[in-house]
Participant: 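Below are the structure tokens for one structure; questions will follow.
In what follows, chains are A, B, ... by sequence order, proteins preceding strands, each numbered from 1. Note that the structure is predicted; figures quoted are calculated from it, not measured.
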2 protein chains.
Amino acid sequence: MVDTPAPHTSPDRPEPEDRAPGRRRRDAAATRQAILDAAVTAFTRYGYDGVGVRDIAQRAGVTAMLINRYFGSKEGLFAEAADAAFAPRSVITGTGAELAGETARTLAARTAPEAEELGPFLLMLRSAANPAAAKIMREAIGRHPGRHLTEELPGAGAGARAELILAVQAGVWLMRSILGTTALAEEDPAELARRIESLFQVLVTPETDAPPAGGRGVE
Amino acid sequence: MVDTPAPHTSPDRPEPEDRAPGRRRRDAAATRQAILDAAVTAFTRYGYDGVGVRDIAQRAGVTAMLINRYFGSKEGLFAEAADAAFAPRSVITGTGAELAGETARTLAARTAPEAEELGPFLLMLRSAANPAAAKIMREAIGRHPGRHLTEELPGAGAGARAELILAVQAGVWLMRSILGTTALAEEDPAELARRIESLFQVLVTPETDAPPAGGRGVE
DNA sequence: ACTCGATGTCTACAGTTGTAGACCTAGTTC
DNA sequence: GAACTAGGTCTACAACTGTAGACATCGAGT
């Protein structure tokens, strides 16, 4: 908090984009985005209840109160952060016949012990304890990967199968990245990817060989 | 906190087991157990960081400090609670050829929207954000359902396949009970159970090593 | 009857939390 | 160059956290 004999009085700055590193120009949109980025990272690493708004604000180079100014509340910030985390189509890779294999390999790679990557499933798992956060994430999932995946899957019951694919992914992230259970950590990556692909394959398939005359309409 | 014109001076009580309801006799073991029970319930409902020791103590009818007396710290209490939650063989039901089907049906039933049951996976998911809790749970899982399931599975890579079964279970609990995603909530329970059984079937099978072409072993 | 250890409670502390309201300041416009 | 507003900060508060240490009390052994 030792304040500012800093490059504060630089008189003319024709490029507002690159200031002194970390010191942002007064730009509401950029500041908002910086807060949002910091929030996604922090929520992913520590979960909704695991970070305070002060932490996030500091990472964004602002004060805690600015978060409430821009996002209304911590919960409002989390809602936008969750949406931003799930919006990119990164958890479902590949389409059509390649979806199961591609997604499985991506999952295995991203949850490998050495690759400490962030991702929406970590945000989800580490924030699941909070009911308000859970509701927000349910909606974000429904809006983004749930819908995307449902459209991608053929046949009846696509919604439930899509959510099961997400469930498998969440479970693998949990066991492998968060808990770090031993057997999954030591498993051969290629074999693990094949195994997960088999699971996805089951869920991509429209209908299991159920008891006959299952009355559920297959389109 | 209006205190006690309570039945406090009842002079002779030949049955120490049934006192006034809620008021326990001075019995270290019983009190310890009451705290542990309350802890399992509270941690399952709200997660490690979601409950305070005061809450747990109150549910057990004691003071917060007694928890530290008996369990050393909140973390120590959680370690015993997690162990107690995972020790009973409730998440893997059935053996041998019936394991996949039984476990799948149990899972589908326990995560149904109407059945608001508690269970170790809820404790796990809602406490996953805390690294100390995560480590404790990894060990508890390795000690109980992980080991149990690994012994139950035939063939090579049993450990990894066991942990994948647990991953699938955790994912289903997450999506269905904690998030409450819509498609899984509305899915026909029997169909859901069949679908999950197919997943478990893949993981019970010792070796897939088949390229994705149609090779799921449904009996 | 009376002590004495086991069992349990009280008070307190040093932090941290989310956020409300008052305040300051930079950058632009007249 | 002075005023005005958008952009940001400061101070404060009330509630809550885990736990340390001193204190109280029950109930049994003598």
Participant: Evaluate the side-chain proximity of B/Ile165 to B/Leu199: yes if any heavy-atom separation is below 4.5 Å, no if none is.
Facilitator: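 Heavy-atom side-chain distance check fails, nothing below 4.5 Å.
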Participant: When the distance from CG of B/Asp55 to C1' of D/dA15 is rounded to whole Å, what number comes out?
Facilitator: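 Rounded to the whole Å, the gap is 13 Å.
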Participant: Within this structure, what is the CG-to-C1' distance between B/Leu66 and D/dT25, rounded to whole angstrom?
Facilitator: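 To the nearest whole Å, that distance equals 14 Å.
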Participant: Can you find a side chain N or O atom of A/Ser73 that sits less than 4.0 Å from OP1 or OP2 on C/dG18?
Facilitator: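 No, A/Ser73 has no side-chain N/O under 4.0 Å of OP1/OP2 on C/dG18.
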Participant: Please report, rounded to the nearest Å, how far the P atom of C/dT7 is from the CD1 atom of B/Ile67.
Facilitator: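 That distance rounds to 17 Å.
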Participant: Decide yes or no, distance alone: a donor-acceptor N/O pair under 3.5 angstrom between the base of C/dT19 and the side-chain of A/Arg54.
Facilitator: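 Yes, a donor-acceptor pair under 3.5 Å.
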Participant: Measure from the side chain of A/Ala64, starting at C-beta and using heavy atoms only, and say which of D/dT19, C/dT19, C/dC10 lies closest.
Facilitator: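 When the side chain of A/Ala64 is considered, C/dT19 is the closest of D/dT19, C/dT19, C/dC10.
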Participant: Looking at A/Thr31, I'd like to know whether one of its side-chain N or O atoms comes within less than 4.0 Å of OP1 or OP2 on D/dG7.
Facilitator: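 Result: no.
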Participant: Taking only the side-chain heavy atoms of B/Lys74 (C-beta and beyond), determine which of C/dA22, D/dG18, D/dC10 contains the nearest atom.
Facilitator: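 Of C/dA22, D/dG18, D/dC10, D/dG18 is nearest to the side chain of B/Lys74.
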Participant: Strictly by modelled atom types, are B/Thr111 and B/Ser177 linked by a side-chain donor-acceptor pair under 3.5 Å?
Facilitator: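 Result is no, nothing qualifies.
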Participant: Closer than 3.5 angstrom, by distance alone: can the side chain of A/Arg138 be matched with the main-chain N or O of B/Thr181 as a donor-acceptor pair?
Facilitator: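 No; zero donor-acceptor contacts below 3.5 Å.
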Participant: B/Leu77 CG to D/dT19 C1': how many Å, rounded?
Facilitator: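 Taking CG of B/Leu77 and C1' of D/dT19, I get 14 Å after rounding.
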Participant: Just the rounded figure in Å: distance from P of D/dG7 to CD of A/Gln33.
Facilitator: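 After rounding, the reported distance stands at 15 Å.
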Participant: Classify A/Tyr70 by what it touches in the nucleic acid, base, sugar-phosphate, or nothing, heavy-atom distance under 4.0 Å.
Facilitator: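 Answer is sugar-phosphate: A/Tyr70 comes under 4.0 Å of backbone atoms only.
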Participant: Nearest whole Å is fine: how far is D/dA24 P from B/Arg69 CZ?
Facilitator: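 So the two atoms are 15 Å apart, to the nearest Å.
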Participant: Tell me: CG of B/Asp49 to P of D/dC16, nearest whole Å?
Facilitator: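 One finds 17 Å between P of D/dC16 and CG of B/Asp49, rounded.
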Participant: Do other residues, nucleotides or ligands put more than 12 heavy atoms under 6.0 Å from B/Glu117 CD?
Facilitator: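 Yes, enclosed.
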Participant: On DNA chain C, compare the nucleotides closest to B/Ala28 and B/Met65; which residue's is nearer the 5' end?
Facilitator: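 The answer here is B/Ala28.
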Participant: Quick one: B/Arg26 CZ to D/dA24 P, roughly how many Å, whole number?
Facilitator: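 Interatomic distance, CZ of B/Arg26 to P of D/dA24: 14 Å.
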Participant: Flag yes if more than 12 heavy atoms outside A/Gln58 fall under 6.0 Å of its CD atom; otherwise flag no.
Facilitator: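 Atom CD in A/Gln58 is not crowded, with 12 or fewer foreign heavy atoms closer than 6.0 Å.
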